[in-house]
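Take a look at the structure set out below.
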Number of protein chains: 2
Amino acid sequence: MLSTTGLPQGAVPKLERPGPLRDRVYEALLELITTRALQPGQHLVENELAGHLGVSRQPVREALQRLNTEGWVDLRPAQGAFVHEPTEEEADQLLTVRTLLEAEAARLAAANAGAAAIDALEEMCAEGERAVADDDVDAAVAMNARLHAKVMELAGNAVLAELAAQVDRRVRWYYTPVARQRGRQSWNEHRELIAAIADRDEQRATAVMRAHTEHTRKSYHEREK
Amino acid sequence: MLSTTGLPQGAVPKLERPGPLRDRVYEALLELITTRALQPGQHLVENELAGHLGVSRQPVREALQRLNTEGWVDLRPAQGAFVHEPTEEEADQLLTVRTLLEAEAARLAAANAGAAAIDALEEMCAEGERAVADDDVDAAVAMNARLHAKVMELAGNAVLAELAAQVDRRVRWYYTPVARQRGRQSWNEHRELIAAIADRDEQRATAVMRAHTEHTRKSYHEREK
DNA sequence: GCGCCGTAGACTGTAGGCGAAAGCCAATTC
DNA sequence: GAATTGGCTTTCGCCTACAGTCTACGGCGC
């Protein structure tokens with residue numbers, strides 16, 4: 001039996017529950033790490049974090065466990081948690097994997113995308129270009145992330161999406177201090193990508209996305225001077 | 001200063017320490033899940049597991065956390081842990097990703113492999129073929145895993161390796177009850193793969209590996225009848 | 001007899017505490 | 001003067017205890 005109450009099914013506010021503390025601690029710590037409030041190599045003392053966040057050590061421990069398996073912190077036995085220190089090699093390997101995952105996502109998106117999806121992509125692209133024109137870097141970065149996420153969604157592969165999300169987030173972490181945005185050129189490439197998807201040209205979509213992410217890698221390596 | 005004691009550096013047994021309890025609980029649970037001693041959908045009660053393993057709830061919880069982030073169990077809030085139930089769709093998506101990762105590994109291996117590595121691969125391949133000839137399925141499966149692991153190692157990309165290890169393990173879990181081995185044909189494909197790597201032919205290595213894992217997918221979908 | 005409400009049980013989520021290992025610093029010895 | 005060793009502090013790993021929440025069952029009214 002469904003809905004004897006007559007209430008609209010989707011409109012119920014769902015009674016926002018606080019949810020498990022560990023999750024909020026996890027998000028808080030991840031935020032602190034990605035924003036560099038906690039610097040790479042820093043020793044994370046459970047007691048301090050717990051006190052600072054107003055909770056006990058237990059949720060903190062569980063959050064650290066998760067951060068460890070996802071590669072954000074290194075958990076040295078009997079010594080505690082340390083914010084992971086990115087190396088050149090690792091950054092490069094992450095970029096390689098990212099290229100791989102994003103390219104596959106583009107291919108699948110090209111195979112699956114409908115007209116409505118194409119419109120949504122182009123709308124996002126336009127908004128991104130507008131942000132660049134306004135020199136609104138934050139908005140441009142956000143739009144970039146949303147566009148890639150949309151492509152991933154269109155790919156319709158949840159496993160791929162989850163892996164890509166993790167890798168992407170870490171790539172951004174490594175990459176952020178270098179250069180926050182490649183700017184205009186990046187959005188031209190987005191246009192190309194959307195065109196390829198709209199044409200349902202899997203080959204071209206893959207190639208364009210690969211070139212796109214490879215450009216990111218290039219600009220990563222051509223920094224620091 | 002190194003070694004005033006005169007003890008041989010490498011021969012020291014390293015005093016095998018028990019290591020963190022949570023890790024051993026993790027491995028124990030993973031073993032129980034992959035062997036289907038704990039069936040998909042089953043409710044895992046922390047107290048029972050703790051009592052059964054002779055530890056307290058805490059290490060069990062931390063192990064469950066990790067299993068959750070790696071996709072082996074689903075952690076429903078305020079309700080506990082349940083062994084993840086594989087779906088058709090998810091299995092297919094995992095196989096897609098696996099194909100992707102393994103193919104890239106093959107390409108990188110072809111780019112990096114030295115003569116010694118090729119020899120090692122061929123030795124493994126020979127051993128695998130021997131196992132198949134002897135109808136020793138367990139040995140053949142183990143050898144298959146080791147060979148793929150070796151290719152991954154040759155790729156020299158730790159990030160890729162870690163993702164692939166996770167995905168592979170889950171694929172095996174889904175795939176095991178169906179058919180444990182495709183047998184002889186699989187090892188012919190391995191031979192082709194090694195040949196391509198030995199020739200440093202990245203294109204061919206990628207293609208062969210892709211075909212190889214795609215065959216696995218095919219035989220997965222052509223089951224249950 | 002049917003359905004609703006209340007209560008009891010069970011399990012998870014969180015907190016606090018105790019023992020032990022690792023690291024650090026100073027005193028001591030060669 | 002340098003290395004070592006002993007003790008001390010810090011912090012983790014694990015256990016125990018308590019509070020909140022979900023589920024299931026039995027009683028009560030209709």
Side-chain angles (χ1 to χ4, degrees), chain A residues 1-7 12-29 32 38-39 41-69 72-85, chain B residues 1-7 12-29 38-39 41-69 72-84:
Chain A
M1 145 184 48
L2 34 100
S3 184
T4 58
T5 63
L7 282 173
V12 181
K14 215 58 171 293
L15 208 22
E16 196 66 52
R17 243 186 311 175
L21 254 192
R22 55 168 174 254
D23 291 343
R24 286 187 296 179
V25 172
Y26 165 82
E27 283 167 25
L29 289 181
L32 288 174
L38 298 175
Q39 292 180 4
Q42 183 170 344
H43 185 186
L44 302 179
V45 180
E46 296 174 357
N47 255 330
E48 288 182 15
L49 297 177
H52 192 273
L53 296 173
V55 298
S56 124
R57 276 178 54 205
Q58 178 91 359
V60 174
R61 281 180 66 81
E62 296 183 356
L64 288 176
Q65 289 285 331
R66 184 167 164 198
L67 289 169
N68 177 46
T69 70
W72 293 101
V73 307
D74 299 321
L75 223 47
R76 292 188 236 169
Q79 199 179 351
F82 295 78
V83 179
H84 181 73
E85 301 193 58
Chain B
M1 150 188 37
L2 34 101
S3 184
T4 57
T5 62
L7 283 174
V12 181
K14 215 58 171 295
L15 212 17
E16 195 66 52
R17 244 186 310 177
L21 205 47
R22 54 167 174 247
D23 291 343
R24 286 188 297 179
V25 172
Y26 165 81
E27 284 168 23
L29 290 181
L38 298 175
Q39 293 179 4
Q42 183 170 344
H43 185 188
L44 301 179
V45 180
E46 295 174 357
N47 255 329
E48 288 182 16
L49 297 176
H52 192 273
L53 296 173
V55 299
S56 126
R57 277 179 54 205
Q58 174 101 356
V60 173
R61 281 180 68 81
E62 295 184 357
L64 288 176
Q65 292 286 330
R66 184 165 163 199
L67 289 169
N68 178 45
T69 69
W72 294 101
V73 307
D74 299 321
L75 222 47
R76 293 187 235 169
Q79 197 176 355
F82 296 79
V83 180
H84 182 72

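Chain letters run A, B, ... following the sequence lines, proteins first and then strands; every chain starts at 1.
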Give the rounded distance in Å between these two atoms: [atom1] of [X] and [atom2] of [N].
X     : N      : atom1 : atom2 : value
A:Q58 : D:dA17 : CD    : P     : 15 Å
A:Q42 : D:dT11 : CD    : P     : 13 Å
A:E62 : D:dC12 : CD    : P     : 15 Å
B:N68 : C:dG13 : CG    : C1'   : 15 Å

Task: Residue pair B:G41 / B:F82: nearest heavy atoms and the distance that separates them - done: O-CD2, 3.6 Å

Task: Closest non-hydrogen atom pair between B:V73 and B:N68, with its separation - done: O-OD1, 3.1 Å

So which protein nitrogen or oxygen atoms get under 3.5 Å of nucleotides 8-12 of chain C's nitrogens or oxygens?
{"from": "C:dT12", "atom 1": "OP1", "to": "B:L44", "atom 2": "O", "distance (Å)": "3.3"}
{"from": "C:dT12", "atom 1": "OP1", "to": "B:E46", "atom 2": "N", "distance (Å)": "3.3"}
{"from": "C:dT12", "atom 1": "OP2", "to": "B:E46", "atom 2": "N", "distance (Å)": "3.4"}

- [ ] Have a look at B:R61 and tell me which of B:R66, B:R22, B:E46 forms a side-chain contact (heavy atoms from CB on, under 4.5 Å) with it.
- [x] B:E46

TODO: Test A:Q39 against A:V83 for side chain to side chain contact (heavy atoms under 4.5 Å, CB included), laying out the working first.
DONE: CA-CA 7 Å; A:Q39 292 180 4; A:V83 179; over 6 Å; no

- [ ] Please check if atom NE2 in A:H43 has more than 12 non-hydrogen atoms from other residues, nucleotides or ligands closer than 6.0 Å.
- [x] yes

TODO: To the nearest 0.5 Å, tell me how far B:D74 CG sits from B:Q79 CD.
DONE: 11.0 Å

